[in-house]
Amino acid sequence: MIHLTETDSTSNYLIQLSSAQQLEEMFVVLADFQTAGKGQRGNSWESEKGKNLLFSIIFYPTFLPIRRQFLLSKAIALAIKEALDSFTPGFSIKWPNDIYWKDKKICGILIENELMGSKIEKSIAGIGININQQIFYSPAPNPVSLRQITGKEHDPVKVLDIILEKLRLYYELLKKGETDKITTNYHQSLFRKEGFHLYADNKGSFEARICEVEDAGILVLEDKEGKIRKYAFKEVSYKFDD
Ligand code: BTN
C-alpha cells in the first residue's frame, strides 16, 4: 500500500503506477487529499483534507467474462456495505455503485477497466467514503458521513482495514466461481429491495419494484402493470420524495 498526503486522484495515480510496474493484486493507493478527485459521469468528488477515506485498489480479474463483469462491483460494494454495518445499521447498496445510509449517500465507487479482447485485464476501483466531514459544499444532492450518522469521529485507516478484510473474502469467492453467495448477499443489501418505488426513464416516471441486478449490471424492474423493464447504467434514475 502507498499512503500519500496529496495527489490529483488515487485512481489516476494507480493507473499510472500500474502501467509503469507490475503491482500485486489488491495493491492500494490511499490519499488524505485529492486535488482532482473523479466521480461518476464526469463529476468531481468532494473531500475535505484529512477527513475521509479516499483510495483505489487494483484487480486483475482475467477469469471473469466481460458479460459478468458487474460481479466485481457487487463484491466491492458488499465489502464496503458490510464494513460500514459494523459501526451502525441502516446501510444499503444503491445500484449501480453507491453506498447509502437511509436516503443519503456515504460512499461512491468508480470502476475503470482495461479490456484485452474479451477479458478484463485490469480493473481499478476508486472508492470515496465520507468519514469525518461535517459540511459539504458541492451540489451533490444528499451526502452524509459516518461522523454525522454515529456522532463520533472514526479513523479512516481502520475503516479501510475492515473493508480490505471483507473484500479479500469476497474476491476469493469470485475467483473460485462461488458467485451465488455474492449475488444473494448483494440482492439482500439493495437500496429499495422491497416494495414499489418511483423511478424515471426517458419516457417519464413510473412505479416499480426491483426484481434483480444481472451479473452484467442490468437493473431488472417490474412495473405496476407487471411489465418487466431492463436498464443499463444511466438509463434510469431513482426518484425521491422531497
Ligand atoms: C461517485 O461519483 O459516486 C464515485 C466517486 C469515486 C470517488 C473516489 S475517491 C478515490 C478515487 N479517486 C478518484 O479520483 N475517485 C475515486
Side-chain angles (χ1 to χ4, degrees), residues 1-19 23 26-59 69-70 72-81 83-84 91-114 122-133 136-147 154 156-157 159-164 167 189-191 213 217 219 232-238 240:
M1 176 162 106
I2 297 182
H3 189 162
L4 306 164
T5 317
E6 182 176 316
T7 182
D8 58 343
S9 148
T10 54
S11 289
N12 289 351
Y13 190 98
L14 187 51
I15 290 167
Q16 279 163 20
L17 189 67
S18 66
S19 320
L23 299 172
M26 291 192 70
F27 186 86
V28 168
V29 173
L30 171 70
D32 299 334
F33 184 63
Q34 296 182 135
T35 52
K38 302 185 286 187
Q40 293 156 18
R41 305 164 193 232
N43 290 325
S44 57
W45 183 255
E46 172 190 348
S47 180
E48 207 178 313
K49 205 169 259 186
K51 295 267 177 183
N52 301 314
L53 182 54
L54 304 166
F55 71 101
S56 298
I57 179 163
I58 188 163
F59 298 93
Q69 62 169 285
F70 194 70
L72 178 59
S73 300
K74 288 184 177 178
I76 295 168
L78 271 172
I80 299 169
K81 189 257 176 202
L84 292 172
F91 294 101
S92 62
I93 302 170
K94 179 170 168 283
W95 174 88
N97 273 324
D98 294 336
I99 308 294
Y100 266 46
W101 178 77
K102 297 191 175 168
D103 273 358
K104 292 173 190 268
K105 176 164 166 172
I106 185 166
C107 163
I109 308 168
L110 177 71
I111 299 185
E112 295 171 278
N113 290 325
E114 268 180 36
K122 192 195 275 188
S123 187
I124 301 220
I127 294 151
I129 308 180
N130 302 325
I131 305 285
N132 294 316
Q133 187 161 340
F136 294 88
Y137 299 94
S138 75
N142 50 358
V144 72
S145 68
L146 196 57
R147 165 82 177 80
H154 298 272
V157 177
V159 180
L160 173 62
D161 286 342
I162 305 172
I163 293 171
L164 292 179
L167 191 49
S189 305
L190 276 175
F191 177 72
V213 175
L219 176 69
F233 303 155
K234 301 177 194 171
E235 289 178 352
V236 68
S237 59
Y238 290 59
F240 293 85

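Note: hydrogens, waters and symmetry copies are ignored here, and every other heavy atom, side chains too, is used. When a ligand or atom number is given, it counts from 1 through the structure's own listing order.
Scanning the protein for heavy atoms near atom 3 (O) of ligand 1, the closest one is Lys105 NZ, 2.6 Å. When hydrogens are left out, the protein atom nearest atom 15 (N) of ligand 1 is Lys38 O, 2.7 Å; that is the closest non-hydrogen contact. The protein heavy-atom contact nearest to atom 12 (N) of ligand 1 is Gln34 OE1, 2.8 Å. Nearest protein heavy-atom contact of atom 5 (C) of ligand 1 is Trp45 CE3, 3.4 Å. Regarding atom 11 (C) of ligand 1, its nearest protein heavy-atom neighbour is Thr10 OG1, 3.2 Å. Ranking the protein heavy atoms by distance from atom 2 (O) of ligand 1 puts Gln40 N, 2.6 Å first.
Checking Glu6 against Thr35 by side-chain atom types alone, no donor-acceptor pair falls below 3.5 Å. Residues Asn113 and Gln69 bring a donor and an acceptor atom of their side chains to less than 3.5 Å of each other.
Atoms of ligand 1 found under 4.0 Å from any heavy atom of Gly37, numbered from 1 in the order shown, are 14 (O). Close approach of ligand 1 to Gly126 (heavy-atom distance below 4.0 Å) involves ligand atoms 6 (C), 8 (C), 11 (C), 16 (C). For ligand 1, the atoms lying closer than 4.0 Å to a non-hydrogen atom of Asp98 are 3 (O). Near Ser9, with a cut-off below 4.0 Å to any heavy atom, the atoms of ligand 1 are 12 (N), 13 (C), 14 (O). Each of the atoms 4 (C) of ligand 1 lies under 4.0 Å from some heavy atom of Ile109. Of all atoms in ligand 1, listed by their number and element, those nearer than 4.0 Å to a heavy atom of Leu54 are 9 (S). Heavy-atom proximity to Gly39, at under 4.0 Å, picks out these atoms of ligand 1: 1 (C), 2 (O), 4 (C), 5 (C). With ligand atoms numbered from 1 in the order given, ligand 1 contributes 11 (C), 12 (N) to contacts under 4.0 Å with heavy atoms of Ser11.
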Go through the steps to decide whether Lys122 and Ser18 satisfy the test side chain to side chain donor-acceptor pair (under 3.5 Å), and finish with yes or no.
-> CA-CA 9 Å; Lys122 192 195 275 188; Ser18 66; 2.9 Å; yes

Residues Ser123, Ile111; criterion side chain to side chain contact (heavy atoms under 4.5 Å, CB included); working and verdict | CA-CA 7 Å; Ser123 187; Ile111 299 185; 3.5 Å; yes

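Contact annotation for Asn43 and ligand 1: no heavy atom of the residue comes within less than 4.0 Å of the ligand. Looking at Arg41 against ligand 1, nothing comes within 4.0 Å, counting heavy atoms. Residue Ser56 touches ligand 1 through its side chain alone, judged by heavy-atom distances below 4.0 Å.
Using the six-membered ring where Trp is involved, Phe240 and Tyr100 have ring planes that are parallel, under 30° apart on the 30 and 60° scheme.
Test Asn12, Thr10, Asn52 against Gln34 for side chain to side chain contact (heavy atoms under 4.5 Å, CB included) and you get one pass: Thr10.
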